[in-house]
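For reference, the structure discussed in these notes is given below.
Keep in mind the model is a prediction, meaning the values are calculated, not measured. Basis for what follows: all heavy atoms, side chains included, without hydrogens, waters or symmetry-related copies. Note that the numbering runs from 1 along the sequence shown for the chain.
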Amino acid sequence: MRKPSDPPTTLGLTDGRATDPQVTGYKAATLARLLREGFPCADGVVIPTWIHRRHQEDTATAPIGRAGHMAPLEHALVEITDLHPAEPLAVRSSGTAEDTVEASCAGLHTSVLDVTGPDALRTAVLECWASADNPARAGYAEAVDAPPMAVLVQRMLEPEAAGAAFATGSEGGGPGAVSVSAVRGRADRLMQGESPADEWTVTGTRADRLRSTCEVITSEQAVAVAELTRRVSAALSCRAEIEWALRDGDITLLQARPVTHADAVEPAWPVPARGEWRRDIRLGEWLPEPVTPLFATWFLPAVDLRFRRAQWQRSGVLVSTPSYRIVNGWYYHSPLGERRSVALLEGMLVNPRFACAMLAGRHRPSVSDRFVTAKETAALDHHTRRYRELLSSVTAGFESMSELQVAEFVDRVVAVVGDYLWPMLLVGGAAWRAEQALARYYRRRLHPSLGAPYQELLVERGRSEPAPAHAVSTLDWYRPTLGEVAESADPRAATPVPRAAGALRLEQACLSVLLQHNTDPAPFQRLLTLARDSARRRRLHTGKLTEPWPVLRRALHRLGSALVDQDVIDRPEDVHFLTLPELRSALSTGSGTSLREAVADRVSVWTRQRALRPPMALGTAACLLPLLLGRPTTESASDGDVLHGIGVSPGRATGRARIVDRPEKARMAAGDILVVRSLVPALAPQIMRAAAVAADVGSVAAHMSVIAREYGVPAVVALHSVTRNIRDGDVITVDGTTGRVHRRGAVG
């Protein structure tokens with residue numbers, strides 16, 4: 001029952017109180033503010049946040065139907081129904097933690113359209129409230145759990161055209177440029193990807209149409225939409241994104257929000273030290289987002305030290321300083337650290353046999369396979385046994401262990417990881433060299449007659465394995481493993497079916513061509529066998545790297561729980577935003593000094609860094625390095641509607657782009673194209689379902705590039721900014737043979 005002291009159950013957008021985002025949420029408050037400043041906004045009525053808060057409090061103590069917690073909502077519904085007795089309505093969430101500069105929460109909160117009648121209105125409001133507790137909001141680390149939510153109710157418009165626009169700043173055509181999208185009818189067809197859009201770039205008073213599908217607006221109307229976007233940007237004191245509608249020649253502003261940090265001006269990316277530092281090699285391909293403080297101060301230094309020691313012992317190359325740097329939160333690696341080519345020369349003198357085997361292996365991979373790979377494979381088997389001995393020592397769990405014992409366990413596991421990385425690197429490099437030797441032979445003797453790409457030969461036959469539960473979306477301990485997310489509960493969803501029929505046909509065709517030309521097939525068969533065996537070894541051992549991760553996460557959760565008990569942090573997972581010295585100090589002293597403020601600040605910084613688009617490389621490589629490692633990938637290029645990257649798995653596919661930020665959030669339908677920052681192991685189930693794959697980061701030899709080839713999924717990597725240049729729902733074409741992604745759908 002509504003109390004006399006309760007605030008109003010509805011507020012019109014023209015009410016002065018509606019501009020307070022804590023009362024009406026940011027979406028409604030922004031519209032209310034713009035409406036008061038004379039902008040042509042669609043009017044509406046807001047069910048304020050206090051009703052949702054009352055609903056949350058009351059439902060926690062009394063079941064629905066047995067308490068009066070629905071009374072304020074019922075009162076609000078009556079008021080709205082009296083205003084709009086039979087009109088179709090749009091019911092939109094308006095959260096207190098969305099549509100801000102820090103986080104848009106786009107797509108996470110519910111809007112319900114074409115709502116008619118009090119029963120449908122009640123259902124729509126409850127759906128909006130329920131979306132406040134969407135688990136996918138975990139990606140917005142600054143947001144609190146289930147924040148209070150207002151609900152904005154507006155009359156449905158049936159415009160001639162509608163769409164979205166956002167200010168791009170200096171991108172896309174100079175200062176003041178605005179990107180405008182338009183579809184026929186309502187804007188929800190565009191937002192849901194149901195209709196292709198006309199695309200315009202407006203600079204000043206000049207409108208350039210980039211894509212034409214329905215020609216629903218003129219250049220003058222595109223300029224008018226752009227001018228409205230600029231005015232909204234000025235009013236909000238930031239670059240803005242708007243949703244608009246055109247009806248009877250007039251433009252109505254439906255929604256407006258700041259462009260988030262994902263589109264903000266990039267910070268400086270200084271070269272951290274001498275040499276070339278890349279984020280797509282070594283651990284970089286496993287770290288598609290910034291590292292958290294605990295991982296950066298515990299895992300990375302310890303693993304890097306063990307890795308450099310193994311490198312010195314086996315190759316003679318001494319790197320005396322860390323071989324990685326953290327720049328704006330992102331991991332960058334240099335094989336020689338701050339040293340130059342002299343380090344390689346010293347290594348060749350210290351261990352000439354290793355150096356000669358590596359150099360010869362670039363053209364005769366059987367040499368490095370015999371003198372290097374066999375020994376490193378044995379080392380990997382040894383380290384795998386060490387892994388499993390450590391993991392079996394805690395089968396009873398960590399509850400009976402002291403915090404010191406748990407920390408010592410983590411130290412021991414991290415040491416094995418550091419020892420594992422060097423032989424894993426060499427085994428992976430051997431597989432790459434074997435594949436390149438096969439590719440050279442194929443291009444010279446077989447491709448002119450067959451035309452098909454050689455990669456089809458490497459598709460595995462008769463193998464169908466589920467992605468392991470310990471597969472990760474990032475090496476950083478902060479993220480759950482594949483076995484911890486809901487999708488992995490269905491083993492069938494994680495069991496790909498190899499597409500190997502073409503591999504057998506191509507192999508037989510190769511042998512036929514060689515016999516026709518009176519060429520001995522034995523060299524080809526040796527190269528093919530070595531490439532397949534090497535790829536199998538690489539897949540096996542690379543896949544084992546993260547076997548300890550589920551147990552490591554439980555160990556860290558145990559340490560975090562101890563700090564929660566000491567009143568140091570609020571939640572066990574907050575431990576990831578402490579540094580190792582802070583963690584050890586808190587555990588050893590048990591002082592209970594709160595670190596909540598430090599955690600909150602670091603979460604805020606990490607969230608902003610996560611939205612950045614870091615360069616692929618910083619600095620200049622040592623001149624001798626390509627002799628041993630090959631030439632690294634370069635930045636991608638853009639040519640109109642075509643993005644250029646590296647084709648790592650041949651074939652071509654056209655489909656709807658699905659931009660996946662984290663594997664647990666992926667919702668792939670048949671024929672969809674997976675668009676990601678990096679091909680990480682936890683994406684394996686989605687890769688096998690996808691029609692094709694496009695990634696910002698990657699290389700030919702990367703683990704998941706190999707997986708894509710083996711299963712015949714077309715893939716292009718090293719596109720650098722595909723997740724920025726492609727929108728979710730766009731129809732695109734991925735050509736894994738040429739390394740191109742066409743942004744405007746099917747191509748001939």
Side-chain angles (χ1 to χ4, degrees), residues 358-369 373 428-461 499-539 626-634 636-637 642 644-653 692-693 698-702 705-719 734-741:
M358 293 294 288
L359 288 170
R362 296 206 60 195
H363 297 282
R364 298 191 63 183
S366 59
V367 174
S368 60
D369 188 68
T373 311
W432 178 79
R433 285 189 292 273
E435 182 178 328
Q436 290 304 296
L438 174 65
R440 287 193 297 270
Y441 184 96
Y442 182 87
R443 284 194 296 267
R444 186 172 64 252
R445 297 181 178 273
L446 297 167
H447 186 268
S449 300
L450 299 174
Y454 80 90
Q455 290 96 332
E456 200 166 303
L457 288 166
L458 299 177
V459 177
E460 282 282 347
R461 296 196 297 272
R499 311 173 192 177
L504 180 59
R505 287 195 299 268
L506 183 57
E507 181 181 351
Q508 293 171 343
C510 289
L511 295 174
S512 177
V513 169
L514 292 174
L515 291 175
Q516 289 173 9
H517 291 83
N518 295 319
T519 302
D520 183 6
F524 166 74
Q525 291 177 314
R526 285 196 296 269
L527 286 173
L528 180 58
T529 299
L530 180 59
R532 286 175 173 169
D533 289 345
S534 299
R536 196 173 297 114
R537 283 197 298 265
R538 171 173 55 188
R539 181 182 63 251
L627 291 176
L628 293 180
L629 302 182
R631 193 164 299 279
T633 61
T634 58
S636 65
V642 180
H644 298 267
I646 298 174
V648 297
S649 182
R652 173 183 283 192
V693 177
S699 65
V700 174
S705 298
V706 176
I707 295 296
R709 283 198 294 281
E710 290 174 347
Y711 285 95
V713 179
V716 179
V717 302
L719 289 157
V734 172
D735 191 327
T737 305
T738 64
R740 297 173 181 171
V741 173

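Contact between Pro714 and Gly736 at its shortest, heavy atoms only, is CB-N, 4.4 Å. Across Pro521 and Leu511, no two heavy atoms sit closer than the pair CB-CD2, 3.8 Å. Residues Leu719 and His644 share a closest heavy-atom pair of CD2-C, 3.7 Å. The minimum heavy-atom distance between Val713 and Ser649, with the atom names listed, is O-OG, 2.7 Å.
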Starting from the C-alpha separation in whole Å, work towards a yes-or-no answer on side-chain contact (heavy atoms from CB on, under 4.5 Å) for Thr519 and Arg445. CA-CA 9 Å; Thr519 302; Arg445 297 181 178 273; 4.0 Å; yes

Could you walk me through whether Leu506 and Leu450 pass the side-chain contact (heavy atoms from CB on, under 4.5 Å) check? CA-CA 8 Å; Leu506 183 57; Leu450 299 174; 3.9 Å; yes

Just do the side-chain contact (heavy atoms from CB on, under 4.5 Å) check on Leu528 and Leu438 with the steps written out, would you? CA-CA 6 Å; Leu528 180 58; Leu438 174 65; 4.0 Å; yes

Checking Phe524 against Leu457 for the side-chain contact (heavy atoms from CB on, under 4.5 Å) test, could you report, in this order, the C-alpha distance in whole Å, the side-chain angles of both residues, the deciding distance, and whether it holds? CA-CA 12 Å; Phe524 166 74; Leu457 288 166; 4.2 Å; yes

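For Leu515, there are no side-chain contact (heavy atoms from CB on, under 4.5 Å) partners, not counting sequence neighbours. With sequence neighbours left out, Asn518 forms a side-chain contact (heavy atoms from CB on, under 4.5 Å) with no residue at all. Considering only residues two or more places apart in sequence or on other chains, Asp735 meets the side-chain contact (heavy atoms from CB on, under 4.5 Å) condition with Arg652, Thr737, Thr738.
Between Asp533 and Arg538 there is no salt bridge, since none of the side-chain N atoms of the basic residue sits less than 4.0 Å from a carboxylate O of the acidic one. A salt bridge does not link Glu435 with Arg440: every distance from a Lys NZ or Arg NE/NH1/NH2 to an Asp or Glu carboxylate oxygen is 4.0 Å or more.
Taking the six-membered ring where tryptophan is involved, the planes of Tyr442 and Tyr454 are tilted, since the angle between them lies from 30° to 60°.
Put simply, the side chain of Ser534 never gets that close to the backbone of Ala531: no donor and acceptor are under 3.5 Å apart. Looking at Thr373, its side chain does come within 3.5 Å of a backbone N or O of Ser368 through a donor-acceptor pair. Listed for the Ser449 side chain is no donor-acceptor partner under 3.5 Å among the backbone atoms of Val513.
Between the NE2 atom of His517 and the OG atom of Ser512 there is a distance of 10.0 Å, given to the nearest 0.5 Å. Expressed to the nearest 0.5 Å, how far CG of Leu530 lies from CG of Asp369 amounts to 5.0 Å. The line from CZ of Arg532 to CZ of Arg537 is 14.5 Å long, rounded to the nearest 0.5 Å. Summarising the geometry, atom CD belonging to Gln525 is positioned 8.5 Å from atom CG belonging to Asp520; distances are rounded to the nearest 0.5 Å. In this structure, Arg526 CZ and Tyr441 OH are separated by 9.5 Å, a value rounded to the nearest 0.5 Å.
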